[in-house]
Amino acid sequence: MAALLEVSGLRKAFGGLVAVNDVSLAVSAGEVLGLIGPNGSGKTTLLNLIAGSLRADAGTIRMDGEDVTRLPNHKRVRRRINRTFQLVRVSKDIPVIVSVMAGLLHGAERAPYKDASYDAAGILGELNLLLKAGQRLDQLTYIEQKRVELARALATRPRVLLLDEWLSGLGPGELDGGMSVVWSLAAQGIAVILVEHVMTAVRALCGRVAVMNAGAKIAEGPPDQVLRDPEVIRAYLGDADA
Ligand SMILES: Nc1ncnc2c1ncn2[C@@H]1O[C@H](COP(=O)(O)OP(=O)(O)O)[C@@H](O)[C@H]1O
Ligand SMILES: [Mg+2]
């Protein structure tokens, strides 16, 4: 199957620090691609480049065959690329349902206003948040806030979804629920790039994993194979020494 999102030779430097160095990868509809690597290896920067919150110094990003490398973030959202943030970023003082409606009104399909509240309720229902619809984000637990952030991203109807440590910080009882959510997104045909430290989740959800270290992609393949790779093990041990 042709890849939905194709990234080729991406590079981003901050001053003298090359945060993303010549990275290529591809992800297909319905696939969950794991993106792992030690802290500071460039995972979030790579997601920022794909989402268009940062402009690449070199390389190309193609979405469904179209070159989107030079498009700003909001235009990529309309090309159906969206993401969640490592730290929750949804406005804290507005009702949950309103932040999801905003996603619907500004996303790829730009839903008519009269449908937005109904559709937002549907998305909140899928994420078990319907009873929280009228509450402000700062009244919710951390886990619920992460789900709202996902709801808001889903409201833009992404075909490529970038999850930045969306499962991190979940307790053992919450992880199964979070993993089912990711699994159901893929089952709906969404291409997911999952940046994650929780290896149980990576092994369970990802058919393929790419590993970053110091800005470069150092390995890619099935999780079992990649996590046994001596270079990958060295990268993680180096991180522990730091
Ligand atoms: N806006 C920025 N300005 C300067 N340096 C940055 C910026 N964002 C990230 N970096 C640096 O780029 C490197 C990669 O960071 P990041 O992509 O956040 O890694 P990861 O998500 O893998 O932990 C780190 O050394 C980080 O300090
Ligand atoms: Mg990060």
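Reckoned from all heavy atoms, side chains included, excluding hydrogens, waters and symmetry mates. In listed order, ligands and their atoms are each counted from 1. We number each residue from 1, following the sequence as shown.
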(message) A side-chain contact here means heavy atoms from C-beta on lying under 4.5 Å apart; do L205 and M179 qualify?
(response) yes

(request) Mind checking how many protein N/O/S atoms fall short of 2.8 Å from the Mg ion (ligand 2)? (result) 2

(message) Taking side-chain hydrogen bond (donor to acceptor under 3.5 Å, both in side chains) as the criterion, tell me which of Q86, E196, K146, H197 meets it with S168.
(response) E196

(message) Quick one, L162 with L35, criterion side chain to side chain contact (heavy atoms under 4.5 Å, CB included). Give me CA distance, side-chain angles, the key distance, then yes/no.
(response) CA-CA 10 Å; L162 316 171; L35 183 61; over 6 Å; no

(message) Within the 4.5 Å heavy-atom criterion, are R208 and E31 side-chain neighbours or not?
(response) yes

(request) Give the protein residues with at least one non-hydrogen atom closer than 4.0 Å to an atom of ligand 1, ordered by chain and number. (result) F14, L17, A19, P38, N39, G40, S41, G42, K43, T44, T45

(message) Evaluate S99 against V148 for side chain to side chain contact (heavy atoms under 4.5 Å, CB included), listing each step before the verdict.
(response) CA-CA 8 Å; S99 66; V148 173; 3.9 Å; yes

(request) Please tell me if the side chains of R11 and V18 come closer than 4.5 Å, counting only heavy atoms from C-beta onward. (result) yes

(request) For R157 and R80, indicate whether the former's side chain and the latter's backbone hold a donor-acceptor pair under 3.5 Å. (result) no

(message) If we ignore hydrogens and angles and just use 3.5 Å, is the side chain of Q139 paired with the main-chain N or O of R136 as donor and acceptor?
(response) yes

(message) What I'd like to find out is whether the side chain of V198 reaches to under 4.5 Å of the side chain of L170, using heavy atoms alone.
(response) no

